[in-house]
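Heads up: the structure comes next, in structure tokens.
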Amino acid sequence: MIEKIEVLIIKRKFIDALTLIKKEENKTKDEHILIRLGIQEISIYISTYKHKKALAIIEEMLEKYKENLTEYDFLELLYNKGRALSEETKFIESLKIGEDILAKLNQMDNRSNGALRLEAKTRQMLGHVFWSLSKLNKAQEQAEKALELSQIVNYNEITVRSLNTLGLINYHRTDYDQALEYYLEALKFDKEIDERNICLLLNNIGIIYLNEGLIKEALEYFNKGLRISEKQNDLKLMAIVLLNMGISYSNKNEYETALQYFKRSLENSKKSNYKHVTAGNYKSIGDIYGMWKEYDKAVEFYMKSLKIFLELGNDIYISENLLDLLNIYIEKKEGKKAREIYKQLEEVMQRNKSVIINQQYLLAKALLLLYENTFISLAQAMNTFKDMIKNPTWTIFLRIITLLNLLKLYILELKVLNNLDSLQVIESISHQLLALVTSQQSAIIMIEYHILFAKILILKKNLLKAEYFLGQALYLAEESKLEEKVEVIHTEQAQLQCIRELWTNNPEDEENIQHRLELSSIDHSLEVLLNTSTLKHTPNDKTLSKEEQQKLTEITPESYSQELFERKLVNIIAYKFSDVGVEPFAKYGTETLSTTSIVKHGVVSITSLGLGTEYHTGLFGPVPLSNMPDYESLLFSFIISDPTNKDPRMNLQNYSVISLNYHKSLKKTFFQLRDRLETILHHIIQNKNILGDIDNNTLFEIVLELEKKILL
């Protein structure tokens, strides 16, 4: 009967299990059986979050059966007490109980299967407690031992819990690949574990995708988890999943929707007394009010969150809340309060040497130095940021913020000293920023970066390149349906045209940097980008791999422009006229070879011209593309030997066309490049002997030459 009740509990059929327990209690007077039934009843109350009731029964049983409890039953009751206290976030008390259980188990001479199972679940509990207290090394040690023991005794429930804890630990270390591996391994037990554990795993996998910037994929997992939690009517699970769905929508810049999810999550977390998630909701709501510049409301919610995390003793989230508060007080220009918060953050850093907390502390220190705004403090801030960026363990978020602030300081130096050498450093930092900004997969951040960099390029007198970046910003804004940003970019493009005309009419002003562009407008763009990037902050953002770090040191203008082709803003297709008609035979920047009516018509027309005694080659267009309304094409015709063509009229020659297709936002850029582009194409094609020499690599050569003209 005991085994039957255990099966019902595993299947989370708690009402059936409780009914059977009460029935058996009424039938028997055997104290040993009554103790086992009582332990199972306690387990049910813990699983249904009735922790106080579970604790009351434990104390009652410890008193009632103190003379007849076996050592094993006594330790089982202690374990359940520790588990209930842990669920109540009384981690220190739970920790003490867990360590006492292990000490007593180690004193046993004969280790039965039951004792090994008890040790496995005790170590799993300790692993989770240490994780909750941000003691990740100790958490990993206990979770790994729990996993090993659970596999020895085939205790699948604890195997899954241990894998989940190891996933959480690696997530907090920002090793997302390893965390995902643990979660997916745990999910293999989906046929043997209860739906609650499956829901938690789906949620945690969603968090991984969320931190990778794959919001669509993250929401798919969160929605699966939400359906399970609603089916189970599990308020805690619903609170967890709804919180993460809110964060997902916040990262999509859909803040009103995010706020609704946070409020739904908060309602469930309060009802279930889930303090950790309640605090997370307060913090997330504070983030949105901070973004809306409703600073008093932001402080109100951050303080609520901080109070709970102080109660829970979670230093990582304490330091995160303190950093948020410091930022708000700096924004409000309340230096005294900002310094008070900094002192609290310093105390957290001194007691907990976590890498994450150290990152937050150093960033707070540098931001406070910026706020003081003296020559000495700004110099110290610059040195702090320079040291920070050398650390390979910095998260992507912190690297972005660090580089943005370095950029801000160098622009300030440029304004004060009017030293044009600073522009080289500014451009170098900007290219490093671009590598990181691109990885965030946020249209808003990308748009703001392109606007900022366009203004920096104007300072360098590179109007063509500036126009190119504004064109890309416009493309992103239109694709993302961000009408407000589209208007901003149109304004920037109009200003750029005014600057071009000013330079044309007054070339002598070019040497005066102050006349090229008001640096205050760069300051404004930088502030917008700083604020936008901050919204992407998650406490355990992804760190850079060794390959990414290497790429960062090698970033060049040319390597960035690959984005132009990878995002399908531009592609090149080569066509030939053959016995089957117009045939595409090489491509770059597009996954498939295709044709359009206008290109087909162009090839036929050029071929027809070539059949006479005279022919013409060169660059034609731009022409619209019938099946790609947002794109235009420049056509370059050329004549080259083609031994494969058997048409006697062709005389072994082929009248061929290269079609360079570009998004309409780049129209001005390519119009300016028209003459240079024809020179590039002639130079490359004239070195080819037969049509077979022209392939995808040839088109890639054209891309490289084109990049140099745009970006250098």
ask   = Looking at side-chain heavy atoms only, is the closest gap between Leu226 and Leu242 below 4.5 Å?
value = yes
query = Relative to each other, are the rings of Tyr209 and Tyr221 parallel, tilted or perpendicular (30° and 60° limits)?
reply = parallel
ask   = Using 30° and 60° as the class limits, which term best fits the ring planes of His276 and Tyr274: parallel, tilted or perpendicular?
value = tilted
ask   = With a 4.5 Å limit on heavy-atom distance, are the side chains of Ile240 and Leu200 in contact?
value = yes
query = What is the minimum heavy-atom distance between Leu75 and Leu105, and which atoms define it?
reply = CD1-CD2, 3.9 Å
request  = Give the minimum heavy-atom separation between Gly290 and Ile328, together with the two atoms involved.
outcome  = CA-CD1, 4.2 Å
ask   = Got a sec, which pairs hit salt bridge (charged side-chain N to carboxylate O under 4.0 Å, His left out) with one end in residues 121-133, sequence neighbours left out?
value = Glu76-Lys121, Glu119-Arg123
message = Quiz question: by atom type and distance under 3.5 Å, do the side chains of Gln260 and Glu256 form a donor-acceptor pair?
response = no
CA sep, side-chain torsions, deciding dist, call: Val348, Arg351, side-chain contact (heavy atoms from CB on, under 4.5 Å) = CA-CA 5 Å; Val348 177; Arg351 72 170 177 257; 3.6 Å; yes
task = Report yes if some heavy atom in the side chain of Ile57 is under 4.5 Å from a heavy atom in the side chain of Met61; otherwise report no.
result = yes
message = Quick check for you: to the nearest 0.5 Å, what is the distance between Leu187 atom CG and Ile198 atom CD1?
response = 7.0 Å
query = Just wondering, more than 12 heavy atoms not from Lys138 lying within 6.0 Å of its NZ?
reply = no
message = For the residue pair Ser229 / Asp234, report whether a side-chain donor-acceptor contact shorter than 3.5 Å exists.
response = no
ask   = Side chains of Gln232 and Glu195: do they bring a donor and an acceptor to under 3.5 Å?
value = yes
query = Taking Asn203 for the side chain and Cys199 for the main chain, is one N or O donor matched with an acceptor at less than 3.5 Å?
reply = no
request  = Report the C-alpha distance between Tyr183 and Leu168 in whole Å, list the side-chain angles of each, state the deciding distance to 0.1 Å, and finish with yes or no for side-chain contact (heavy atoms from CB on, under 4.5 Å).
outcome  = CA-CA 9 Å; Tyr183 294 146; Leu168 290 170; 3.5 Å; yes
query = Do the non-hydrogen side-chain atoms of Leu34 and Asp30 ever get within less than 4.5 Å of each other?
reply = no
ask   = Less than 4.0 Å between a side-chain N and a carboxylate O, is that true for Glu71 and Lys104?
value = no
key: Donor-acceptor pair, side chain of Ser94 and main chain of Phe91, under 3.5 angstrom   = no
task = Step by step, work out the salt bridge (Lys or Arg N to Asp or Glu O under 4.0 Å) result for Asp100 and Lys96.
result = CA-CA 6 Å; Asp100 287 345; Lys96 177 68 169 60; 2.9 Å; yes
key: Beyond-backbone contact of Asn233 with Met238, side-chain heavy atoms, under 4.5 angstrom   = yes
message = Is there a side-chain contact between Leu214 and Leu210 in this structure, where contact means two heavy atoms from C-beta onward sitting under 4.5 Å apart?
response = no
request  = Would you give the length of the straight line joining atom NZ of Lys135 to atom CD1 of Ile169, rounded to the nearest 0.5 angstrom?
outcome  = 13.5 Å
ask   = In this structure, which one of Lys270, Arg264, Lys271 forms a salt bridge (charged side-chain N to carboxylate O under 4.0 Å, His left out) with Glu267?
value = Lys271
query = Does the ring of Tyr45 carry Lys50 above it, NZ/CZ under 6.0 angstrom from centre and within 45° of its axis?
reply = no
key: Exercise: identify the closest heavy-atom pair between Ser265 and Val277   = OG-CG1, 3.7 Å
4.5 Å side-chain heavy-atom contact, Leu118 and Tyr72 = yes
key: Between CD1 on residue Ile247 and CZ on residue Phe222, distance to nearest 0.5 Å   = 7.5 Å
task = Taking Ser250 for its side chain and Gly246 for its backbone only, find out whether a donor-acceptor pair lies under 3.5 Å.
result = no
task = Calculate, to the nearest 0.5 Å, the distance between atoms CG and CG belonging to Asn204 and Leu184 respectively.
result = 11.0 Å
task = May I ask you to decide whether Lys304 forms a salt bridge with Glu300, counting only side-chain N to carboxylate O separations under 4.0 Å?
result = yes
request  = Before accepting this row, confirm whether a basic side-chain N of the pair Glu148/Lys145 lies closer than 4.0 Å to the acidic partner's carboxylate O.
outcome  = no
task = Using only heavy-atom distances, determine whether the side chains of Asn244 and Tyr261 contain a donor-acceptor pair under 3.5 Å.
result = no
note = Nearest heavy-atom approach of Ala239 to Asn268 is CB-CB, 3.9 Å
ask   = How long is the span from the CD1 atom in Ile152 to the CG atom in Leu116, to the nearest 0.5 Å?
value = 7.0 Å
key: Pairing of Glu87 and Lys236 as salt bridge, 4.0 angstrom limit   = yes
task = Please name all residues satisfying salt bridge (charged side-chain N to carboxylate O under 4.0 Å, His left out) with Lys90, sequence neighbours left out, ordered by chain then number.
result = none
message = Let's go through Asn223 and Val241 carefully: what are the C-alpha distance in whole Å and the side-chain angles of both, what is the deciding distance for side-chain contact (heavy atoms from CB on, under 4.5 Å) to 0.1 Å, and is it a yes or a no?
response = CA-CA 8 Å; Asn223 274 305; Val241 178; over 6 Å; no
task = Check whether any side-chain heavy atom of Ser150 lies under 4.5 Å from a side-chain heavy atom of Asn156, and answer yes or no.
result = no
task = Verify, without hydrogens or angle tests, whether Ser132 (side chain) and His128 (backbone) share a donor-acceptor contact under 3.5 angstrom.
result = yes
request  = Indicate the atoms forming the closest heavy-atom contact of Leu219 with Ser248, along with that distance.
outcome  = CD2-CB, 3.7 Å
inquiry  = So that I can tick it off, tell me whether Glu157 and Arg161 are bridged by a salt bridge, with the cut-off set at under 4.0 angstrom between side-chain N and carboxylate O.
reply    = yes
task = Would you please test Ile288 and Lys297 for side-chain contact (heavy atoms from CB on, under 4.5 Å) and show each step?
result = CA-CA 10 Å; Ile288 289 181; Lys297 282 189 175 181; over 6 Å; no
request  = Please report the C-alpha distance between Asn164 and Asn197 in whole Å, then the side-chain angles of each, then the deciding distance to 0.1 Å, and finally whether the side chain to side chain donor-acceptor pair (under 3.5 Å) criterion is met.
outcome  = CA-CA 9 Å; Asn164 187 53; Asn197 278 316; over 6 Å; no
request  = Indicate whether the side chain of Gln360 and that of Ser319 have a donor and an acceptor atom separated by less than 3.5 Å.
outcome  = yes
remark   = Between Leu306 and Asn321 the two heavy atoms that sit nearest each other are N-OD1, 3.8 Å
request  = Please determine, by modelled atom types, if Thr70 and Asp73 share a side-chain donor-acceptor pair under 3.5 angstrom.
outcome  = yes
ask   = Would you say the ring centroid of Tyr302 lies under 6.0 angstrom from that of Tyr282?
value = no
query = Can you tell me how far CG of Asp177 sits from OH of Tyr182, rounded to the nearest 0.5 angstrom?
reply = 13.0 Å
